[in-house]
Amino acid sequence: MEFLITYKWLILISFETFAWLATFYMFYARYWLQSHAQFLIALTLAGLTGYVPHITLGVLDYINTGKISFFIISIITLLIIGATLGKKYIIKIDQSIHQWAIQKKKKGAEGRF
């Protein structure tokens with residue numbers, strides 16, 4: 001537990017980065033690979049790496065310090081932003097990528113004839 005408390009910021013940033021990579025892979029699996037199974041795996045990984053470690057680190061930090069620190073406030077802020085604004089932006093990004101993928105497929109189909 002000492003390791004987790006000592007490197008909590010690095011762990012938090014690492015998991016947040018991995019969650020975003022899983023999110024981008026989710027779009028890749030959905031539109032380029034057209035694999036529902038890989039999409040679900042990436043969705044699960046994005047959710048697990050985006051929420052579970054954050055909450056766990058926050059709880060461990062609170063148990064260790066006994067007070068609400070800047071770290072816990074940062075985690076709460078990230079979770080609120082992710083659940084509200086982040087969801088809206090993910091939907092916008094999804095729509096944009098979907099339109100782009102449709103245009104690419106049309107161009108690819110036209111080039112074959």
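Because the structure is a prediction, the values reported are computed rather than measured.
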Aromatic contact between Y31 and H98, with the criterion being ring centroids under 6.0 Å apart: yes or no? yes

Do L57 and W20 sit in one hydrophobic cluster, given that two such residues count as connected whenever their side-chain heavy atoms are within less than 4.5 Å of each other, even indirectly? no

ILVMFWY network linking I11 to Y51, side-chain heavy atoms under 4.5 angstrom: yes

Pairwise distance CD1(I5) to CD1(I63) - rounded to 0.5 angstrom: 8.5 Å

Those residues at least two apart in sequence (or on a different chain) that pass side chain to side chain donor-acceptor pair (under 3.5 Å) with W100 are none

I55 CD1 to L79 CG distance, which is reported to the nearest 0.5 Å: 5.5 Å

Is there a side-chain contact between T23 and M26 (heavy atoms, below 4.5 Å)? yes

Under 3.5 Å, is there a donor-acceptor pair linking the side chains of Q38 and Y28? no

Quick one: closest heavy-atom pair of F71 and G58, and the distance? CE2-N, 4.2 Å

Reported CG-to-CG distance for the pair L45 and L21, which is rounded to 0.5 angstrom: 11.0 Å

Taking side chain as C-beta onward, heavy atoms only, is T6 less than 4.5 Å from E2? yes

Determine whether Y7 and F70 fall in the same hydrophobic cluster, where Ile, Leu, Val, Met, Phe, Trp and Tyr are linked whenever their side-chain heavy atoms lie under 4.5 Å apart. yes

Answer yes or no: is there a side-chain heavy-atom contact under 4.5 Å between L33 and Y25? yes

Qualifying residues under side chain to side chain donor-acceptor pair (under 3.5 Å), relative to N64, sequence neighbours excluded: none

Work out which heavy atom in K67 is nearest to a heavy atom in Y62; give both atom names and the distance. O-CD1, 3.4 Å

Gap between atom OG of S35 and atom CD1 of I41 - 0.5 Å precision: 7.0 Å

Side-chain heavy-atom pair S74, W9 within 4.5 angstrom cut-off: yes

For I68, look at atom CD1 and say whether over 12 heavy atoms of other residues, nucleotides or ligands are found less than 6.0 Å away. no

Between NZ of K8 and CG of L4, what distance do you get to the nearest 0.5 Å? 11.0 Å

Drop me the distance from T17's OG1 to L12's CG, to the nearest 0.5 angstrom. 9.0 Å

Student check: side-chain heavy atoms of H36 and R30 closer than 4.5 Å: no

On a heavy-atom basis, the closest approach of W32 and F27 is CE3-O, 3.9 Å

Minimal heavy-atom distance between D61 and S69, with the atoms involved, is OD2-OG, 2.7 Å

Between T77 and the options I75, I81, I80, the side chain to side chain contact (heavy atoms under 4.5 Å, CB included) test singles out I81

State plainly whether one hydrophobic cluster holds both F15 and V59, where clusters connect Ile, Leu, Val, Met, Phe, Trp and Tyr through side-chain heavy atoms under 4.5 angstrom apart. yes

Which atom names give the shortest non-hydrogen contact between A42 and A22, and what distance separates them? CB-O, 3.6 Å

